[in-house]
Amino acid sequence: MNVNWKSLVHIAGKHGLFRVLSTSRSGYFMESLNEPGKRMFYSASTRVASLGDIMLLTKSGETSLSATYEKMWEDGYTPEPIDPHQANEDEIRTLFARVVPDYDEERVYLSDMRKMLRWYEWLRPWLAEGTKSPKE
């Protein structure tokens, strides 16, 4: 899979995921993944977290979010069976345990699980393109 996970980011306080198109000393020019075609500039002081740097806490240590998403993609996971926005806690925890079997139940919160599944929904079309040809 030819995905540049460092270019995919979450901006603190903003809804959605973004792809960094270019950077400068003054900030970032980004494209929204959940609102295709929407591009904007954010200052360099904006708190940005790369999906390539985000880690999931597991009982055996940590695993990267990007590795988890790649495994979900390769396994053909689709979120249609449950809606992460509407599903109850038991459904989300069961699904998350299937995706990350050894996740740390005490330190991974339900809100984190919902966010991760929502992000995957937004990434799926982009991942489909990334498997056809290199994106970066």
Linking I/L/V/M/F/W/Y whenever any side-chain heavy atoms sit under 4.5 Å apart, do Met40 and Ile11 land together? yes
Indicate yes or no: at least one non-hydrogen side-chain atom of Arg107 is less than 4.5 angstrom from one of Asp112. no
Can you find a heavy atom in the side chain of Leu8 that is under 4.5 Å from one in the side chain of Leu17? no
Determine, stepwise, if the pair Arg93 / Tyr103 fulfils side chain to side chain contact (heavy atoms under 4.5 Å, CB included). CA-CA 10 Å; Arg93 289 191 184 282; Tyr103 81 95; 3.8 Å; yes
Once you round to the nearest 0.5 Å, how far does CD of Glu70 lie from OG of Ser64? 7.5 Å
Nearest-0.5 Å distance, CD of residue Glu105 to CG of residue Leu57: 11.5 Å
Verdict with reasoning, Trp122 to His10, per ring-ring contact (aromatic ring centres under 6.0 Å, His included): CA-CA 12 Å; Trp122 293 330; His10 171 68; 9.0 Å; no
Between OG1 on residue Thr68 and CG on residue Leu51, distance to nearest 0.5 Å: 11.5 Å
Close side-chain approach of Arg114 and Leu110, heavy atoms under 4.5 Å: yes
Smallest separation among heavy atoms of Phe18 and His15, with atom names: CZ-O, 3.9 Å
If you take all heavy atoms of Ile54 and Ala49, which pair is closest and at what distance? CD1-CB, 4.3 Å
Testing the basics here: between Ser45 and Ser43, what is the closest heavy-atom pair and its distance to 0.1 Å? OG-OG, 2.9 Å
Can you tell me how far apart CE (Met30) and OG1 (Thr23) are? Round to the nearest 0.5 Å. 9.5 Å
Glu91 side chain vs Asn88 backbone, donor-acceptor pair below 3.5 Å: yes
Might you work through the side chain to side chain contact (heavy atoms under 4.5 Å, CB included) test for Val99 and Tyr120, ending with a clear yes or no? CA-CA 12 Å; Val99 173; Tyr120 184 75; over 6 Å; no
Nearest heavy-atom neighbours spanning Ser50 and Lys6: OG-CA, 3.1 Å
So, do Trp73 and Val3 sit near enough that their side-chain heavy atoms are less than 4.5 Å apart? no
Does any part of the side chain of Met113, heavy atoms only, come nearer than 4.5 Å to the side chain of Leu95, both counted from C-beta? no
In Å, rounded to the nearest 0.5 Å, how long is the span from CG of Leu123 to CZ of Arg19? 12.0 Å
Measuring only between side-chain heavy atoms, which start at C-beta, is Phe96 closer than 4.5 Å to Val108? yes
Which pair of heavy atoms, one from Ser32 and one from Asn34, lies closest together, and at what distance? OG-OD1, 3.2 Å
Distance (rounded to the nearest 0.5 Å) between Tyr28 OH and Ser7 OG: 13.0 Å
Step by step, would you call Met55 with Leu65 a side chain to side chain contact (heavy atoms under 4.5 Å, CB included)? CA-CA 5 Å; Met55 304 300 281; Leu65 181 62; over 6 Å; no
Heavy-atom closest pair (Tyr69 atom, Met116 atom, distance to 0.1 Å) is OH-O, 2.7 Å
